Amino acid sequence: EPPTKIVQSCEFLEENHKVAHNYTKMFLGVLFINDNPKNILTIGLGGGNIQKALNFLLPNAQIDTVEINPALPELVEEYFDYKEDDHNKFYIQDAAEFVLNAPSNSYDVVFIDAFGPEYIPPHLLTDKFMSNVRRILKPGGIVAMNTFTSSETYQQEGDLIKHAFGKFYSLIVGYTRVIITMKGTFVSLNEIQARANLWVYKFAHLDVNIKTLYDLFVEQE
């Protein structure tokens, strides 16, 4: 039994290549929009689940992770077998400060995994933060944000994305919602479905069904 009912991260002991969290599976939906991102930023380290999945799917991609808690990298290395190397870099820093100072047009994908069901850092729920996320994305770049249907700021989160990017896709499983949108021309569901088919076998290795994932995409305006 875990010490609390709040599960921040987990993985399967016997088959740790499988993706355990629904939100991680939904995050991987960005690869239905861009199947070969080179530079990826993840805001929030957690257990390194999305990073490890991306290491398998995109072995040549550069993955930068911003984490505010300096104790977390050591714990993630010990218990989740994820650590820094040539393709995986950690930045112990506040995410708002990082995106403020990062060069424009730096990343193909930005994952935002810093929100909880009962707490969101207020300075990450601002137009300033989201405009800087947009600024550091390359043209056509994608942002994916993990949120919760039970959040008191549910509507505000969607409005922030809409204000910065316009239309977005909302993917919901249980109380977990992932918002996916992009900088530039909005990619249609037909295009997403066609690109999803490229990932059938590699996603199956991670225990991710592409049709189940594709069917979660719901366009919001």
Side-chain angles (χ1 to χ4, degrees), residues 16-19 21-46 48-66 82-91 95 98-99 102-113 130 132-146 161 164-171 178-217 219:
N16 61 9
H17 60 282
K18 291 185 176 182
V19 173
H21 288 291
N22 283 321
Y23 85 87
T24 307
K25 295 179 180 182
M26 290 189 276
F27 266 174
L28 293 176
V30 303
L31 299 181
F32 298 170
I33 299 169
N34 179 350
D35 62 5
N36 192 28
K38 302 291 188 184
N39 297 95
I40 298 169
L41 174 66
T42 300
I43 294 172
L45 174 57
N49 301 114
I50 183 64
Q51 293 92 333
K52 289 171 66 176
L54 292 168
N55 283 167
F56 169 74
L57 297 168
L58 304 165
N60 295 316
Q62 177 67 41
I63 302 173
D64 295 340
T65 298
V66 180
Y82 179 67
K83 60 184 178 181
E84 281 193 294
D85 59 27
D86 290 344
H87 290 288
N88 298 271
K89 299 296 182 184
F90 297 164
Y91 297 86
F98 183 92
V99 300
S104 300
N105 305 312
S106 297
Y107 293 101
D108 298 295
V109 178
V110 174
F111 293 105
I112 302 174
D113 186 21
M130 207 56 70
N132 274 313
V133 170
R134 179 183 173 86
R135 180 185 59 79
I136 67 174
L137 281 171
K138 297 177 185 178
I142 306 161
V143 60
M145 183 168 74
N146 180 32
I161 290 287
F165 294 93
K167 293 188 291 186
F168 62 90
Y169 288 109
S170 181
L171 293 73
V178 166
I179 292 172
I180 296 178
T181 190
M182 55 223 71
K183 178 180 178 179
T185 304
F186 194 73
V187 177
S188 71
L189 278 172
N190 285 339
E191 293 173 282
I192 287 173
Q193 185 177 29
R195 296 175 192 179
N197 290 323
L198 300 172
W199 291 104
V200 172
Y201 298 109
K202 283 198 169 183
F203 272 42
H205 177 77
L206 300 175
D207 196 32
V208 180
N209 182 287
I210 64 159
K211 184 182 186 306
T212 301
L213 180 53
Y214 166 78
D215 285 345
L216 295 176
F217 278 76
E219 186 175 326

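Remember, it's a predicted structure, so these values are computed and weren't measured experimentally.
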Of all the heavy-atom pairs spanning [X] and [Y], show the shortest one and how long it is.
X      : Y      : result
Tyr82  : Lys52  : CD1-CG, 3.7 Å
Leu213 : Leu28  : CD2-C, 4.4 Å
Pro139 : Asn105 : CD-OD1, 3.9 Å
Pro37  : Val109 : CB-CG2, 3.8 Å
Ala144 : Val30  : CB-CG1, 3.8 Å
Asp86  : Gln62  : O-OE1, 3.2 Å

Practice task
Determine, step by step, whether Phe27 and Asn49 satisfy the side chain to side chain contact (heavy atoms under 4.5 Å, CB included) criterion, reporting the C-alpha distance in whole Å, the side-chain angles of both residues, the deciding distance to 0.1 Å, and the verdict.
Solution key: CA-CA 11 Å; Phe27 266 174; Asn49 301 114; over 6 Å; no
Exercise for the section: Decide ring pair (Phe, Tyr, Trp, His ring centres under 6.0 Å) for Tyr23 and Phe111; before the verdict, give the C-alpha distance in whole Å, the side-chain angles of both, and the deciding distance to 0.1 Å. Expected result: CA-CA 11 Å; Tyr23 85 87; Phe111 293 105; 9.6 Å; no
Handout entry: Whether Arg134 side chain and Val143 backbone form a donor-acceptor pair below 3.5 Å
Key =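 The answer is no, because no donor-acceptor pair under 3.5 Å joins these two groups.
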Handout entry: Residues Ile142, Val187; criterion side chain to side chain contact (heavy atoms under 4.5 Å, CB included); working and verdict
Key = CA-CA 10 Å; Ile142 306 161; Val187 177; over 6 Å; no
Practice task
Name all residues meeting the side chain to side chain contact (heavy atoms under 4.5 Å, CB included) criterion together with Phe186; count only those two or more places apart in sequence or in a different chain, and write none if there are none.
Solution key: Lys167, Tyr169, Thr181, Met182, Glu219
Practice task
For Asp215, enumerate each residue passing the side chain to side chain contact (heavy atoms under 4.5 Å, CB included) test, keeping only those at least two apart in sequence or located in another chain.
Solution key: Lys211
Using 0.5 Å steps for rounding, measure from the [atom1] atom of [X] to the [atom2] atom of [Y].
X      : Y      : atom1 : atom2 : result
Leu54  : Thr24  : CG    : OG1   : 9.5 Å
Phe168 : Ile179 : CZ    : CD1   : 5.0 Å
Ile50  : Leu57  : CD1   : CG    : 8.0 Å
Phe98  : Ile136 : CZ    : CD1   : 6.5 Å
Leu216 : Asn22  : CG    : CG    : 8.5 Å
Arg195 : Asn34  : CZ    : CG    : 7.5 Å

Handout entry: Residues which pass salt bridge (charged side-chain N to carboxylate O under 4.0 Å, His left out) with Asp108, listed by chain and number, not counting sequence neighbours
Key = Lys138
Exercise for the section: Kindly determine whether Leu137 and Phe165 satisfy side chain to side chain contact (heavy atoms under 4.5 Å, CB included), including the steps that lead there. Expected result: CA-CA 11 Å; Leu137 281 171; Phe165 294 93; 3.8 Å; yes
Problem - Neighbour count >12 (heavy atoms, 6.0 Å) for atom NZ, Lys38 - result: no
Practice task
Apply side chain to side chain contact (heavy atoms under 4.5 Å, CB included) to the pair Leu45 and Gln51, showing each step before the final yes or no.
Solution key: CA-CA 8 Å; Leu45 174 57; Gln51 293 92 333; 3.9 Å; yes
Do [X] and [Y] touch side chain to side chain, with heavy atoms closer than 4.5 Å?
X      : Y      : answer
Leu31  : Leu58  : yes
Thr65  : Asn88  : no
Leu41  : Ile43  : yes
Ile180 : Phe217 : yes

